[in-house]
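Comments concern the structure below.
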2 protein chains.
Amino acid sequence: MDNAAPQSPAGLSTTPSWLLNQSASHAARLLSEGFAAHDLRGYHYRLLATLAEDGPASQADLGRRCAIDRSDVVAAINDLAGRGLVVRAPDPADRRRNVISATDAGADEARRMGATLERVQADLLAPLSATEREQLTRLLTRLLRHHSRH
Amino acid sequence: MDNAAPQSPAGLSTTPSWLLNQSASHAARLLSEGFAAHDLRGYHYRLLATLAEDGPASQADLGRRCAIDRSDVVAAINDLAGRGLVVRAPDPADRRRNVISATDAGADEARRMGATLERVQADLLAPLSATEREQLTRLLTRLLRHHSRH
DNA sequence: GACCAACGTTGGTTCCACCAACGTACTGAA
DNA sequence: TTCAGTACGTTGGTGGAACCAACGTTGGTC
């Protein structure tokens, strides 16, 4: 990744898992570069965006929705709370839970990061036409849906 | 990833970079589980397969072809050499270089891991028809090719 | 009231990707 | 031919992402 690939590994380059890996790796790099301007990382965005869109939720619930381990949610929410982007409050209805809510600043940051995400998205999909993008989205969605339940 | 996803994050679930990330993550998990039976990891397979298919190469060259940093190639080749799957020899034509070659045992292992890879591949792409698999491969290849030179 | 499940939290581990710096060796231009 | 620049292998880091085990607390159930 430190320079242009001269050629791909012979048989590997047609392997879907290789292509997926490389594409995702590339996307992650672009995304991480973009998010760096906000001094936040992928986990933070997933959580913040989910909170901003779907409203307050418990940490366990956030973890399930964002596909982030409970223990990692703790750390990420700590970061976000430390910046005042999010508030952690005990759930009066269930004293095991914390209710996490995005603050106004958090919602703003979510919007800004969303814009960054869109820009990166456009960058990533530049070589594909609109219908091709939709094709890709559809295929990957099918893949995920098949594997994510059972 | 530790249980079935109840629902995906609202707006995120249509984002190509999210889909790519999740799909690749899933593929990587399957692959890593498969490779664990060989007591080897992704880096090892990339290198071993490239050596077995394309013949001996220098470490820097391997790194470029497999998209692995030079410093990580060192460690992985150390592992492989320690198991007798690969041989490291000084290049008489350029004393900076090492020529890495797969041993017979290495070629065997590459074949076995290749079989594991195919199995995982089939598993991963189970929900897709043959033409859809080809579509996906084509789209991802286009994506990579566009981003990998300049 | 006992049992099991879920929650938040702590403190790990592994893999992957990447970077800086060093000494050695090659290469090309002055 | 010397010298600057580059490539190579190697060491020793960094950080993010994903994951796991265990604990005390709390809720629901039998």
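Naming: A, B, ... by sequence-line order, numbering from 1 per chain.
- Atom CG of B/Leu40 and atom P of C/dC15 are 11 Å apart (whole Å).
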Per-nt protein contacts along nucleotides 23-30 of chain D (heavy atom under 4.0 Å; B base, S backbone sugar-phosphate only, - none) come out as ---BS---

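- With axes fitted over five pairs at each extremity, the angle between the ends of the helix from C/dG1-D/dC30 to C/dA30-D/dT1 is 20° (10° resolution).
- As a whole-Å value, the separation of A/Arg46 CZ from D/dG16 C1' is 11 Å.
- Partners of A/Arg111 under the salt bridge (Lys or Arg N to Asp or Glu O under 4.0 Å) rule, at least two apart in sequence or in another chain, are A/Asp108.
- Comparing atom distances between the B/Asp69 side chain and each of D/dG9, C/dC19, D/dA18 picks out C/dC19 as nearest.
- Atom CG of B/Asp39 is separated from atom C1' of C/dT14 by 13 Å (rounded to the nearest Å).
- Considering only residues two or more places apart in sequence or on other chains, A/Arg95 meets the salt bridge (Lys or Arg N to Asp or Glu O under 4.0 Å) condition with none of them.
- Judged by closest nucleotide on DNA chain D, B/Val99 is the one of B/Val99 and A/Ser71 placed further toward the 5' end.
- Among residues two or more places apart in sequence or in another chain, the side chain to side chain donor-acceptor pair (under 3.5 Å) test is passed with B/Thr116 by B/His38.
- Judged purely by distance below 3.5 Å, without hydrogens or angles, the side chains of B/Thr15 and B/Ser17 never pair a donor atom with an acceptor atom.
- The same ILVMFWY cluster, assembled from side-chain heavy atoms under 4.5 Å apart, contains both B/Leu20 and B/Leu128.
- Within 6.0 Å of atom CD in A/Glu134, 12 or fewer heavy atoms from other residues, nucleotides or ligands are found, so the atom counts as exposed in its surroundings.
- Backbone-only engagement by B/Ser58 is indicated by non-hydrogen atom pairs under 4.0 Å involving sugar-phosphate atoms exclusively.
- In this structure, A/Arg29 places its CZ atom 19 Å from P of D/dG15, rounding to the nearest Å.
- Heavy-atom nearest nucleotides on DNA chain D were determined for B/Asn21 and for B/Arg97, and the one closer to the 5' end corresponds to B/Arg97.
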Show me the donor-acceptor pairs within less than 3.5 Å that the side chains of residues 83-93 of chain B make with the rest of the protein, sequence neighbours left out.
{"from": "B/Arg83", "atom 1": "NH1", "to": "B/Asp39", "atom 2": "O", "distance (Å)": "3.2"}
{"from": "B/Arg83", "atom 1": "NH2", "to": "B/Asp39", "atom 2": "O", "distance (Å)": "3.2"}
{"from": "B/Arg88", "atom 1": "NE", "to": "B/Gln59", "atom 2": "OE1", "distance (Å)": "2.9"}
{"from": "B/Arg88", "atom 1": "NH1", "to": "B/Asn78", "atom 2": "OD1", "distance (Å)": "2.9"}
{"from": "B/Arg88", "atom 1": "NH2", "to": "B/Gln59", "atom 2": "OE1", "distance (Å)": "3.4"}
{"from": "B/Arg88", "atom 1": "NH2", "to": "B/Asn78", "atom 2": "OD1", "distance (Å)": "3.0"}
{"from": "B/Asp91", "atom 1": "OD1", "to": "B/Ala93", "atom 2": "N", "distance (Å)": "2.8"}

